[in-house]
Amino acid sequence: MHGLLDAAEAQAPNAPAVQDAHGAWTYRELAAHSRAFARWLRDRGVRRGDRLVLQLPTNRALVAMFQGALRCGVVFVPLNPAMKAFHLRQVIGNAEPALVIGDAASAGNLAEVTDRPVERMDTLWPEVERLREQGAGFTDPEVTPDDVATLIYTSGSTAAPKAVICPHAQVVFATRALTRALGYREDDVVLCRFPMSWDYGLYKVLMTCAVRCQVVLAERESDLQILRRMREVGATVVPLVPSLATMIITLAERTQTEQAPVRMFTNTGAALPGATIDKLREHFPGARVVRQYGQTEAKRITVMPPEEDGERPGSSGLPLPGTRVLILDDEGNRVPAGEVGEIVAVGPHVMPGYWRNDENTAKAFRTDPVTGERRLHTGDYGRLDDDGYLYFEGRRDDMFKRKGFRMSTVEIEAAAMDVPGVRAAAALPPSDTHDLALFVEADLSPGAVRKELARRLEPAKVPSICRVLTEFPLTQHGKNARQELALLLEGSAS
Ligand code: ASP
């Protein structure tokens, strides 16, 4: 992976590489910082295969530390700054790091949950800068494509921590395939508002490096400034989740100024509702809105070709070039086009498994009984059309039967999001304690929402319970926090 940066430095040393709220670096400067950090790790005794846990904001220094760790074969383990002691303890217990790095906000918490050495950014970074000024560096020649580059802890679950093992080879394959599928350009300015602890954010720093364009890192707190920031930096590509898209639209509706020259919005993680896509197109004429589907376990699985963004509504596109998607029934047999089954990904993007978690690895990562290829069983359901485009239907838990009909929360949420005035929607399938329930964020009454739904859905699909919230609980990555919603339904949430 560090070969991507070395090639960028060799070919475009003075091109802008990375910018954050405090400044910018060219590829030469980024590479020099990464080499100095690699040297710092080496001097500190951190070696190839050791894990390095970091709980830091996503900024230029974190990008250099990522690239520096890769140079020494040290496994980079970025944690969300919002992760609390309860999860930190489990994650650090699972990762067994040689070293932990925090900042003024996180170092105290980290020291409480581990007996491993905890370094602070404010003492460490001046040392790295000194090494850089001396021209010091290090790259471990032993690092191979099979070395683990990073562990990505997947969020949102209270069960045992699950870290996806991401080797250099898989990550480089996915990076190249994605920049090709999305058509990233040398003159792009990619504005990324997601943390590097989520692969959606992490890959932005690699994809931009692969095509020698620029990534601008915007921190979470700056959401209200996002539109201005997009203009200031001349953003051409903006990765989105629904909550960020809604924010951009709300801000755009309030301004008269000319907008940033965005040519492409991309979406993954949670699907953008059709109405949101339409509004983005209205405010950013000519911009493509690209639908995608992925799981950290294989990075990205499908991408809608950008030039087809207006076609096949509801589809999340074609498998990454060089990979395949199979739709399998419960017995593992392929189902014909148009029929729903489990989405299974095959190809060089499939990761080897979860870190020190054999049980979950065996469930999700299996071997094709005929070809011997590794397959990722996503646990998600969907169908392919005759041309091989994927349509996502929901997780296994999202599919259920009610009044004799088979349905998915995804279609109910899509219908709710189509109702003017609904800003967010989440449906909970029927359970022992409640019937099909819908939560919406809107300025409408529950009755009005149900009436509108009845115009859009068969009677069996209209939820009997509808709750209107003024603000929606979201996970750290902007997905609906379903567990919290379920608690609200039981009346036990605070
Ligand atoms: N890995 C996914 C993607 O980039 C995002 C996610 O897991 O939510 O498509």
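Each residue takes its place number in the sequence, starting with 1. One-based numbering, in listed order, for ligands and for the atoms of each.
Shortest non-hydrogen contact noted between Asp188 and Cys213 is O-CB, 3.2 Å.
Atom 7 (O) of ligand 1 has as its closest protein heavy atom Thr296 OG1, 3.5 Å. For atom 5 (C) of ligand 1, the nearest non-hydrogen atom of the protein is Asp199 OD1, 3.7 Å. Nearest protein heavy-atom contact of atom 8 (O) of ligand 1 is Lys479 NZ, 2.8 Å. At the top of the distance list for atom 6 (C) of ligand 1, counting protein heavy atoms only, stands Trp198 NE1, 3.5 Å. Among all protein heavy atoms, the one lying closest to atom 3 (C) of ligand 1 is Arg300 NE, 3.3 Å.
Annotation for ligand 1: atoms under 4.0 Å from non-hydrogen atoms of Gly269 are 8 (O).
A cation-pi arrangement, defined by a distance under 6.0 Å to the six-membered ring centre and an angle within 45 degrees of its axis, is absent between Lys204 and Phe194.
Thr144 and Asp147 share a side-chain donor-acceptor pair at under 3.5 Å.
Around CD of Glu311, the count of heavy atoms belonging to other residues, nucleotides or ligands within 6.0 Å exceeds 12.
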> Between Arg288 and Glu307, is a salt bridge (charged side-chain N to carboxylate O under 4.0 Å, His left out) present by the stated rule, with each step listed?
Replying inline: CA-CA 7 Å; Arg288 304 283 187 184; Glu307 62 286 1; over 6 Å; no
>> Working note: Arg291 + Asp309, criterion salt bridge (charged side-chain N to carboxylate O under 4.0 Å, His left out); need CA distance, chi angles, decisive distance, verdict.
In response: CA-CA 7 Å; Arg291 289 162 274 155; Asp309 71 333; over 6 Å; no
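Heavy-atom separations between Lys299 and ligand 1 include at least one value shorter than 4.0 Å.
Of the N or O atoms in Thr268, one or more lie within a sub-3.5 Å distance of an N or O in ligand 1.
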